[in-house]
Amino acid sequence: MRKDILKTILAGTLAVCSIASCDFLDVSEELGGISSFETIFSNVDRTRKWYGQCFDNRPDYSNIWGATNDMGDAWAGYADEIYTREHNKYGKYSNWNSDLGHNHRWGSLYQSIRQCNIFLEYAHALQEEGGPDAPHITEAEMKIYKANVRFMRAMYHYYLFEMYGPIPIVANSYTLDNLPDLERNSVDEVVNWIDAELAAAMVDMEQEPYTNNEQMRGVPTKGVAMAYRAKLWVYAASPLFNGEWEYGANLANTDGKKLFPDASTKDQKIDNAVKYLREFLDYAEAGRYALVDTDNPAEDLYNLFQNYNSEIIWATTTSSWGSLNSETFDGHCTPKGEYHGLNGVDMLQELVDDFYDEDGYPVRFNPYESQFMPTSSVYTYYGNEANEWGTLDLAKCYGEANVTNEMKAAETHQVNGMYLHREPRFYNSVTFTGMTWASSGNRIEFDYQASSGTGSGDGEPNTGHMLYKRYYRLLGQGTGYVSSRYRPSIIFRLAEFYLLYAEMLNEQDAVDNQDEILKYVNLVRDRAGIKPLEECNPNIGGNYTLMRDAIRRESRIELCTEGQRYFDLCRWLLGVEVLNKDMTRLNLFRTEEDGFYTRMNFNPRYFAEKNYLYPIPNDETKRSSKLVQNPGW
């Protein structure tokens with residue numbers, strides 16, 4: 001018999017079942033069979049285990065192959081970034097309905113919220129018997145524990161809000177004796193509650209980053225809470241949530257209570273976003289966080305993702321990079337034909353074409369963009385790349401320190417004009433035909449019947465490009481190479497918040513804020529090795545529309561495949577225009593000499609107004625008298 005997920009999660013049902021048999025708690029075997037929460041929290045080891053489980057649902061954006069995961073990077077495959085056969089088989093490129101359960105956060109995050117609530121209600125400082133050396137948790141330790149768990153509870157609500165919009169706020173654990181039929185809180189109520197919780201939590205959280213403390217890097221700190229608070233208000237100020245979305249205007253609870261705000265409150269939300277972004281940047285710039293920038297863009301852009309560093313605000317301590325020949329990031333980002341390569345994480349042509357040229361100029365514009373600066377003067381052959389050929393300076397493209405002996409020993413490979421004169425972020429992000437593979441020196445080839453191309457069997461390419469960003473380049477066979485390597489899976493990094501700050505300043509006042517806007521966008525562009533915005537277009541400062549589109553393109557490139565693009569398109573209300581169409585690939589059934597570089601439509605996608613928010617799981621709305629469904633579902 002199917003159960004109401006939310007009610008099942010909210011109810012402790014201790015009188016009905018033991019903790020061990022309630023699967024919604026997801027507790028470890030060590031906690032199984034214990035009859036009460038009081039017993040659990042009278043033991044130091046069990047208390048700390050429960051505390052640790054409150055962190056279980058942190059995002060993991062290295063999980064890009066898992067097309068059904070809720071807190072991973074399935075979203076890159078549902079945006080205009082990548083395509084995988086896993087994403088294609090689950091039905092979400094078509095007009096799906098609320099019975100399709102893949103990617104839902106509803107059950108798992110309300111489960112985590114309940115675990116946080118139980119900890120906040122029952123955990124306390126304690127000293128076990130046996131004297132001063134016996135296991136204990138001091139009042140000071142418990143104060144930090146509870147602040148961190150309070151943060152996690154707010155964070156889980158944040159990720160529910162990101163996906164479903166107005167949600168029920170759950171600030172208490174429940175049993176069957178006091179289980180309410182919860183209705184949805186309004187957007188403003190959700191935002192204000194999360195904001196207040198983050199503000200309260202950060203007072204007692206660790207005040208400084210754990211950058212140099214290897215044992216504590218996965219634990220949130222004040223800076224992490226400040227970042228979430230700032231981004232929360234960016235969401236609140238964006239068109240999807242600020243009252244501009246027409247579909248949201250009529251969404252109401254069963255008692256008639258409106259769930260979306262009036263657009264007249266937009267300006268105050270923009271001001272709040274600017275305020276909290278500025279507070280976070282003041283905190284960050286006081287020696288706590290800094291861009292990875294040694295004036296060597298090719299190496300900096302690679303090293304950023306390989307080790308903990310000053311740019312990382314928060315990252316998970318567990319990840320899904322996997323290894324070669326495994327159904328994970330590393331296996332599927334290695335081309336077929338290379339050692340244990342499986343292919344599979346295919347980059348869409350839309351993203352390939354959106355990277356700038358080597359100076360920071362676009363090679364083309366999208367229909368949804370203004371022409372915010374002139375097009376490239378060195379990449380002048382867009383659409384006619386097949387006739388352009390040349391070679392790459394590998395040290396310039398990948399960094400002198402990253403050019404392996406195998407790359408040095410390889411012959412100089414010819415590459416198509418599509419891959420000439422591109423910015424450093426392009427070479428750090430895209431695996432393309434003609435590229436020299438680091439661990440072998442081989443020329444990567446995705447064209448018809450080539451080593452990694454169509455006709456090569458399982459793992460054939462789907463687009464003509466693969467994802468290279470965040471890949472560890474010393475994966476391979478032989479001396480100096482490994483089959484797997486841990487690196488942080490970044491949740492937030494400083495460059496994102498520079499761009500969010502510039503975006504919100506532009507929304508607030510494009511003219512008066514133009515110097516500060518240019519400063520923060522240019523910090524990101526400078527690290528990437530490209531020209532400042534005003535050098536590319538002297539008229540861009542103070543022009544709201546041009547600056548808006550330049551910032552959005554910068555975010556598109558800088559943060560590509562890091563789990564943000566899908567939700568950016570939704571909050572900007574651009575999903576229908578960008579995602580409701582065929583995607584683009586190269587002609588995989590032709591050789592390089594015979595049409596491979598011709599762009600072709602494939603992977604038709606459906607995205608309607610209803611898709612800006614996920615539907616509440618259908619079983620939930622059927623079994624509740626108060627829980628109303630999102631528009632269009």
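Throughout, numbering of the chain's residues begins at 1 and tracks the sequence.
- Every pair passing side chain to side chain donor-acceptor pair (under 3.5 Å) that includes a residue from residues 258-270 is listed here, sequence neighbours excluded: Asp188-Lys269, Glu244-Lys266, Asp262-Ser264, Thr265-Lys269, Gln268-Asn272.
- Side-chain contact check for Met600 versus Leu586: every heavy-atom pair is 4.5 Å or farther apart.
- Using modelled atom types, one side-chain atom of Glu423 and one backbone atom of Tyr356 make a donor-acceptor pair closer than 3.5 Å.
- When the side chain to side chain donor-acceptor pair (under 3.5 Å) test is applied to Thr598, no partner is found at least two apart in sequence or on another chain.
- The main-chain N or O of Ala510 is never found under 3.5 Å from a side-chain atom of Asn506 such that the two would form a donor-acceptor pair.
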Apply side chain to side chain donor-acceptor pair (under 3.5 Å) to residues Thr68 and Asn103 and explain how you reach the verdict. CA-CA 5 Å; Thr68 62; Asn103 308 107; 5.8 Å; no
Test ring pair (Phe, Tyr, Trp, His ring centres under 6.0 Å) on Tyr614 and Trp96 and set out the steps. CA-CA 11 Å; Tyr614 251 55; Trp96 55 282; 5.1 Å; yes
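- Residues Asn63 and Asp73 have side chains that never bring a donor and an acceptor to within less than 3.5 angstrom of each other.
- Under the side chain to side chain donor-acceptor pair (under 3.5 Å) criterion, the residue pairs touching residues 152-165 are His104-Tyr164, Arg105-Glu162, Asn117-Arg153, Arg153-Glu197, Tyr159-Tyr228, Glu162-Tyr235, with sequence neighbours excluded.
- By the 30° and 60° cut-offs, the orientation of the rings of Tyr247 relative to Trp245 is parallel.
- Side chain of Arg553 to backbone of Asp354: a donor-acceptor contact under 3.5 angstrom is found.
- Using a 4.5 Å heavy-atom cutoff, the side chains of Tyr612 and Val576 are in contact.
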Any chance you could lay out the side chain to side chain donor-acceptor pair (under 3.5 Å) test for Arg184 and Asn630, step after step, and finish with the verdict? CA-CA 11 Å; Arg184 300 173 74 169; Asn630 272 327; 2.8 Å; yes
Between Asn366 and Glu369, does a side chain to side chain donor-acceptor pair (under 3.5 Å) hold up when you go through it step by step? CA-CA 5 Å; Asn366 294 291; Glu369 294 176 313; 3.1 Å; yes
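- Judged as a ring-ring contact (aromatic ring centres under 6.0 Å, His included), the pairs with a partner in residues 499-524 (not counting sequence neighbours) are, in order, Tyr498-Tyr520, Tyr501-Tyr520.
- Although no hydrogens or angles enter the test, the distance criterion places a donor-acceptor pair under 3.5 Å between the side chain of Trp633 and the main chain of Lys610.
- At least one donor-acceptor pair closer than 3.5 Å links the side chain of Asp549 to the backbone N or O of Ser370.
- Taking the side chain as every heavy atom from C-beta outward, Thr561 and Ile82 approach each other to under 4.5 Å.
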Check step by step if salt bridge (Lys or Arg N to Asp or Glu O under 4.0 Å) holds for Glu503 and Arg548. CA-CA 7 Å; Glu503 178 187 344; Arg548 179 199 64 194; over 6 Å; no
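- Listed for the Asn580 side chain is a donor-acceptor partner under 3.5 Å among the backbone atoms of Phe607.
- Under the 3.5 Å distance criterion, with hydrogens and angles disregarded, no donor-acceptor pair is assigned to the side chains of Asp568 and Gln564.
- A donor-acceptor contact shorter than 3.5 Å is absent between the side chain of Gln508 and the backbone of Ile270.
- The backbone N or O of Ser62 sits nowhere less than 3.5 Å from a side-chain atom of Ser320 that would complete a donor-acceptor pair.
- Sorted by first and then second residue, the salt bridge (Lys or Arg N to Asp or Glu O under 4.0 Å) pairs with a member in residues 222-240 read Asp195-Arg229, Lys231-Glu496; sequence neighbours excluded.
- The cationic atom of Arg552 (NZ for Lys, CZ for Arg) lies less than 6.0 Å from the six-membered ring centre of Trp572 and within 45° of the ring axis.
- Residues Trp106 and Gln111 have side chains that never bring a donor and an acceptor to within less than 3.5 angstrom of each other.
- Neither side chain, Asn242 nor Arg571, offers a donor N or O lying under 3.5 Å from an acceptor on the other.
- Evaluation of the side-chain contact (heavy atoms from CB on, under 4.5 Å) rule for Asn185 yields Ile169, Glu189, Val190 as partners, not counting sequence neighbours.
- In this model, no donor atom of one side chain and acceptor atom of the other lie less than 3.5 Å apart for Asn428 and Tyr468.
- Just one of Tyr289, Phe151, Phe497 meets the ring pair (Phe, Tyr, Trp, His ring centres under 6.0 Å) condition when paired with Trp314; it is Phe151.
- Counting heavy atoms from C-beta outward, Asp346 and Thr84 have side chains that stay 4.5 Å or more apart.
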Could you check Met155 against Asn57 for side-chain contact (heavy atoms from CB on, under 4.5 Å), going step by step and ending with a plain yes or no? CA-CA 10 Å; Met155 187 203 79; Asn57 264 317; 5.9 Å; no
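- Partners of Glu558 according to the side-chain contact (heavy atoms from CB on, under 4.5 Å) rule, which considers only residues two or more places apart in sequence or in another chain, are Arg425, Arg493, Ala495, Leu499, Val524, Arg527.
- Enclosure of atom CD in Glu246 is not indicated, since only 12 or fewer non-hydrogen atoms of other residues, nucleotides or ligands lie within 6.0 angstrom.
- Residues Ile491 and Thr316 are in side-chain contact: their nearest non-hydrogen atoms beyond the backbone lie under 4.5 Å apart.
- The backbone N or O of Val352 sits less than 3.5 Å from a side-chain atom of Arg422, completing a donor-acceptor pair.
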Determine, step by step, whether Tyr93 and Arg605 satisfy the side-chain contact (heavy atoms from CB on, under 4.5 Å) criterion, reporting the C-alpha distance in whole Å, the side-chain angles of both residues, the deciding distance to 0.1 Å, and the verdict. CA-CA 5 Å; Tyr93 290 146; Arg605 298 190 181 184; 3.4 Å; yes
Which donor-acceptor pairs under 3.5 Å do side chains of residues 531-542 form with protein atoms, sequence neighbours excluded?
residue	atom	partner	partner atom	Å
Glu534	OE1	Asn522	ND2	2.9
Asn537	OD1	Asn539	N	3.0
Asn537	ND2	Phe372	O	2.8

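- Evaluation of the side-chain contact (heavy atoms from CB on, under 4.5 Å) rule for Ala67 yields Tyr78, Glu86, His87, Tyr90 as partners, not counting sequence neighbours.
- Looking at residues two or more places apart in sequence or on another chain, you find a side chain to side chain donor-acceptor pair (under 3.5 Å) between Tyr419 and His465.
- Judged as a side-chain contact (heavy atoms from CB on, under 4.5 Å), and not counting sequence neighbours, the contacts of Asn601 are Asp582, Thr584.
- Tyr566 and Asp80 are not linked by any side-chain donor-acceptor pair at a separation below 3.5 angstrom, with hydrogens and angles left out of the test.
- Between the side chain of Arg599 and the main chain of Arg585, no donor-acceptor pair closer than 3.5 Å is present.
- Screening residues 536-561 for ring-ring contact (aromatic ring centres under 6.0 Å, His included) gives no qualifying pairs among residues at least two apart or on separate chains.
- Defined by atom type and a distance below 3.5 Å, a donor-acceptor pair is present between the side-chain atoms of Glu385 and Tyr379.
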